[in-house]
Each structure stands twice: as C-alpha cells, then as structure tokens.
Amino acid sequence: MTHPRRRLVIVVRADPVICGHSGEARNLAEVALTRGFDDVRLLTWPIPALRAAGLPLKPLDRLLPYSPGITVERPEPVGDYRVPDGRHQAGLTGRLVELLAEPVPTVCLSMYLAPHASVVVDAVAAARAAGFAPDVHTVAKAVGSDVTNVIRSCLREGRFGAATVLFTTFLANDEVVAVSEYTREEIVASAEQVDARCGTTFAEQCRRRVTVSYPPIDSAAFLDPEPARVDAALARRGLERDGYVLFLSRVTKAKGIHDLVLAYRRMRCRSSVRLVVAGTGTALDEVRALAEGDDRVVFLSDVDDQEKTLLMRGCAAYALPTKPEPDFVETFGIALAEKMLAGGGPIVTTPTGGTLEAVGDTAVVVPPGDVDALAAAVDRVVLDMSAAERQDLELRARARAMSFDRAAVFDDLFPQEAPAVGVL
C-alpha cells in the first residue's frame, strides 16, 4: 500500500459554515499543496449536524470546489440515540486515530478550541496508547470566538472546571496560536482569572507560549475583479456602482447591524445610496422587522464567495460597526481585510476587539454603539470625501491587507525546514 509522504489534517467547522475559520481552513489547505503536503484533509461535521446547530450556511449548490489533493471528510456519528451528545465528536476523533495509525508524517491543526482541540489531543493520546507511534505535530489555533464565547461564558457562570479543561487541552498541543494580538491578550486575561480561582499556572504558560497568526486570505480572489463582472453582478441585483452602502457579514447583534439600520434612517446620503444587508445569521428576522417599510434597504441572503468580491468592489462604502456583546467580540475582522483587498468605497468600522489590527489607519473609525457617529461617518464618506482621499484610503488598505495573504501566513505558521548543506 502506498502512503502519502506528508499529511496536513485540519479539524474545523469547514464550508458551508459562514465563519472566518472555514475560510482560513480552505486557504491553509490550498497553500499546503504547494508546500510539500501531498495529502491535505479537512475533518469536519456532517451537513445535517451543521443545520441542526443553527449555524448560518452558504448556498450548498454554489460552494467553491477545493483543489485536487484536498479531501473534506465528514465522519458519521458513532453510537445511537442512547448517546445524546458526543457522537459526532467520537466520529471525528475515531477517524483521526485511523489517519494517525498510518506511517505518514502528519501535522494536525485544530481551529476553534471546543471541541476541535479535544478531537486532536484525544486522538493523539489514543493513537500513542494503542502503540501506533504516530509521527505527528499538533497546532491549536484560538480563532477568537472560542475565547470570547466559550471561555468567557465559563468564567461568567463560575464554571472553572470547564475552563480548566479548555486551557489544559489547548496547552497540551505542541504549538498554541491566537488569531490576533487582542485574542492573545484575552487568553492570558482569562487564564489569570482561572489561576486566581484554582491556583493553576495557565497564564504564565500562555504568556510564554501563545503566538499570533493572523487569518490567511486568498488575496488573488479579491484583487482587481474585472469591471464587466462587477457591473453584471450589480445589475443582477438591481444595484449600481457607488449606489449603495454595503454590510456583508453574519447578521448578528455583535456585528452592529441593528445600529447600522437605525443610522441609515438618519443619513443625509440615504436619498442617493441604498443600504445592502448581505448575509444570514441569528438576527436576520429582527433586522428585517427593524427595516420593514423602508424600500431603500435591500436584503441578500444568498451571496456566494465569488459575488462577495464584486459587491465589495462596487459599493460606495462598506460598514461593519461591530460592538462587544457577552457572547461575541470581533477578534480580527476577516471581512474587513477582504474588503481592503477588493477595493471600492472606504470602510467604516469601530475599534472593537482586534479590528484595528486588520484596518490600521486605513478606515474611518467610530465608537461602537454610537448611532449618530455612524450616520455622520457614512455621510462623510459618501457625500463629502474627495476622490483623492478615497483613493488614498483604498491603496493603503490594499497594501496593508497583502500582509494577510495566505501564502505568507502559512509559511509563518508552518515554517519549512531548511535543506541540508549541499542538498538541492
């Protein structure tokens, strides 16, 4: 039996889930094929399980294909109805043990700590205990909401046992990574609270070990879309270039969409630009009700990855007025970096979480939750900003976002060993 020479396994909520780390996983997988990995696998969840969880999903019939050499596996659950939870996790863990049993040097990356880091740690422990002696290197990446949601909820509810399990599992990996400096700081701060309660030493370990790896983005998918494609996409939606303000993200309260709809009512520019809300999410029905009767607000819930770029390019402004909520804080803002690459109108956002790590000084920034300031900022961008100022923001934003290109991020996260002297 012929085995691959080198394997990368990413345990993640992959497509069709609408979330940053599904895109991160795709981009890392694609680069891995060019970096000596001849077998790349995304280990993820069955579609029915994703639907049952209520996660926002992309249209299944328009998902972008993966390159040959990338395999998406969705193991079926193990056990029956008598195991009320954990059956799908057991399926993931068991399949990873099967892969680790093969004599293939393997890198395992888990994205989103609960439960993906547990899948990797448990599978490696089981493989070693069984005597398979896997040649494996593990990397756990805290993508942000696993800290701002899972760990924070443990601390808020006094469930320090669960927080201890999360940190122990995280630190059991060979490498531990955060998606932004903000996320790294949140990890350390949360660890300090657990230490104060439990006498553990997680904070010191996190300060010493956790590094930052920004989200990898396929810059080629966003740079310089053909003008004819942009115009055609907008025409299909009944839109015109510079004729709309775009919100394109998950439709949730933490993304600031409620504030944006309220601000749009007060904008001077509303007579010349429409508001396009592109995306799905738990607050979609609420936002539709909030905008009811306003025919200047357009909802698009079926935007795929290719159309996303074209909508970004054609907008007069892109608004992501994210704000901190108990269950979510924007820890980077991948959509912001994608918009920076796509060009088009300026970005209006807030200094929430890690957003400034994404945009730097290339966006118009307003306080989170300030509806009047948001309305004024969009009005300034659409009505008062000169063409030269708009172009300056666009060019500087693109240059900054290129540092998040997936090849550069991959090489920093998975540095290649230098060849021996005399070996080509």
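With respect to Glu394, the salt bridge (Lys or Arg N to Asp or Glu O under 4.0 Å) criterion is satisfied by exactly one of Arg390, Arg396, Arg398: Arg398. Among Asp15, Thr280, Asp302, Asp304, the one residue that satisfies the side-chain hydrogen bond (donor to acceptor under 3.5 Å, both in side chains) test with Lys58 is Asp15. Among Val31, Asn27, Thr34, the one residue that satisfies the side-chain contact (heavy atoms from CB on, under 4.5 Å) test with Phe410 is Val31.
With a 4.5 Å cut-off on side-chain heavy atoms, His137 and Val139 count as touching. At least one side-chain heavy atom of Tyr244 sits less than 4.5 Å from a side-chain heavy atom of Leu311. Taking the side chain as every heavy atom from C-beta outward, Val251 and Phe299 never approach each other to under 4.5 Å. The shortest distance between side-chain heavy atoms of Pro134 and Thr106 does not fall below 4.5 Å. Proximity of Met312 to Pro225: side-chain heavy atoms (C-beta onward) are nowhere separated by under 4.5 Å. Between Tyr112 and Val11, every side-chain heavy-atom pair lies at or beyond the 4.5 Å cut-off. Counting heavy atoms from C-beta outward, Val210 and Phe170 have side chains that approach closer than 4.5 Å. Between Val179 and Glu24, some side-chain heavy-atom pair lies under the 4.5 Å cut-off.
Put simply, the side chain of Lys253 never gets that close to the backbone of Ile257: no donor and acceptor are under 3.5 Å apart. No side-chain donor-acceptor contact under 3.5 Å links Ser213 to the backbone of Leu413. Proximity of a side-chain donor or acceptor of Ser190 to a complementary backbone N or O of Ile187 within less than 3.5 Å is not detected. Panel note: side chain Arg6, backbone Pro105; no donor-acceptor pair is recorded below 3.5 Å. Between the side chain of Asp379 and the main chain of Cys269, a donor-acceptor pair closer than 3.5 Å is present. At least one donor-acceptor pair closer than 3.5 Å links the side chain of Asp294 to the backbone N or O of Arg296. At least one donor-acceptor pair under 3.5 Å links the side chain of Thr44 to the backbone N or O of Val12. The main-chain N or O of Leu248 is found under 3.5 Å from a side-chain atom of Tyr318 such that the two form a donor-acceptor pair. For Thr138 (side chain) and Asp174 (main-chain N/O), a donor-acceptor pair under 3.5 Å exists by modelled atom type. Side-chain atoms of Arg209 come within 3.5 Å of backbone atoms of Leu171 as a donor-acceptor pair (strictly under, hydrogens ignored).
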- request: Quick one: do His116 and Val120 satisfy side chain to side chain contact (heavy atoms under 4.5 Å, CB included)? Show the steps, please.
  value: CA-CA 7 Å; His116 301 137; Val120 171; over 6 Å; no
- request: Report the C-alpha separation of Val261 and Phe247 in whole Å, then their side-chain angles, then the decisive distance to 0.1 Å, and conclude whether the side chain to side chain contact (heavy atoms under 4.5 Å, CB included) test is met.
  value: CA-CA 10 Å; Val261 171; Phe247 171 95; over 6 Å; no
- prompt: Can you check side-chain hydrogen bond (donor to acceptor under 3.5 Å, both in side chains) on Thr93 and Gln89, steps first, answer last?
  reply: CA-CA 6 Å; Thr93 307; Gln89 185 171 335; 5.0 Å; no
task: Let me see the working for Glu192 and Arg207 under side chain to side chain contact (heavy atoms under 4.5 Å, CB included), right down to the final yes or no.
output: CA-CA 10 Å; Glu192 288 173 342; Arg207 286 192 201 94; 2.5 Å; yes
Check against side chain to side chain contact (heavy atoms under 4.5 Å, CB included), Val297 and Tyr264: CA-CA 9 Å; Val297 182; Tyr264 182 66; 4.0 Å; yes
message: Please determine whether salt bridge (Lys or Arg N to Asp or Glu O under 4.0 Å) holds for the pair Glu307 and Arg237, giving the CA-CA distance in whole Å, both sets of side-chain angles, and the decisive distance to 0.1 Å.
response: CA-CA 11 Å; Glu307 187 181 20; Arg237 298 294 194 175; 2.7 Å; yes
Trace of the salt bridge (Lys or Arg N to Asp or Glu O under 4.0 Å) decision for Arg35 with Asp411: CA-CA 9 Å; Arg35 298 297 193 269; Asp411 290 340; 2.7 Å; yes
Worked verdict on Lys308 versus Glu338 for salt bridge (Lys or Arg N to Asp or Glu O under 4.0 Å): CA-CA 9 Å; Lys308 173 172 66 172; Glu338 292 173 341; 3.1 Å; yes
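Atom-to-atom distance recorded for Leu383:CG and Ser272:OG is 5.5 Å, nearest 0.5 angstrom. In this structure, CG in Asp392 is found 9.0 Å from OG in Ser386, a value given to the nearest 0.5 Å. Atoms NZ and OG1, on Lys141 and Thr211 in that order, are 9.5 Å from each other to the nearest 0.5 Å. Interatomic distance, Ile47 CD1 to Arg74 CZ, rounded to the nearest 0.5 Å: 4.0 Å. Here Leu50 contributes atom CG and Ser22 contributes atom OG; the two are 10.0 Å apart, rounded to the nearest 0.5 Å. Here the CZ atom belonging to Arg7 is positioned 5.0 Å from the CG atom belonging to Leu99, to the nearest 0.5 angstrom.
Considering every non-hydrogen atom in both Ser301 and Arg288, the closest pair reads OG-NH2, 4.3 Å. Scanning all heavy atoms of the two residues, the minimum distance from Ala358 to Arg400 falls at O-NE, 3.0 Å. Closest heavy-atom contact between Ala203 and Asp195: N-OD2, 2.9 Å. The minimum heavy-atom distance linking Ala397 with Met340 is given by the pair O-CE, 3.4 Å. Summarising the geometry of Val121 relative to Thr169, their closest heavy-atom pair is CG2-O, 3.6 Å, with the distance given to 0.1 Å. Nearest heavy-atom pair across Pro75 and Leu43 is CG-CD1, 4.0 Å.
In the model, Gln205 has a side-chain atom that pairs as donor or acceptor with a side-chain atom of Thr201 under 3.5 Å. For the 3.5 Å distance criterion, the side chains of Thr352 and Thr355 fail to qualify, holding no donor opposite an acceptor.
In the displayed structure, Arg62 atom CZ is contacted under 6.0 Å by more than 12 heavy atoms of other residues, nucleotides or ligands. Counting heavy atoms of neighbouring residues, nucleotides and ligands inside a 6.0 Å radius, atom CZ of Arg266 exceeds 12 of them. For Glu292, the CD atom is loosely surrounded, since the number of other residues' heavy atoms within 6.0 Å does not exceed 12. Within a 6.0 Å sphere centred on CD of Glu389, other residues, nucleotides and ligands contribute more than 12 heavy atoms. In the displayed structure, Gln391 atom CD is contacted under 6.0 Å by at most 12 heavy atoms of other residues, nucleotides or ligands.
For the ring-ring contact (aromatic ring centres under 6.0 Å, His included) test, no residue two or more places apart in sequence or in another chain qualifies with Phe37. Not counting sequence neighbours, the partners of Tyr214 by the ring-ring contact (aromatic ring centres under 6.0 Å, His included) test are Phe332, Phe404.
Between Glu30 and Arg406 there is no salt bridge, since no side-chain nitrogen of the basic residue lies less than 4.0 Å from a carboxylate oxygen of the acidic one.
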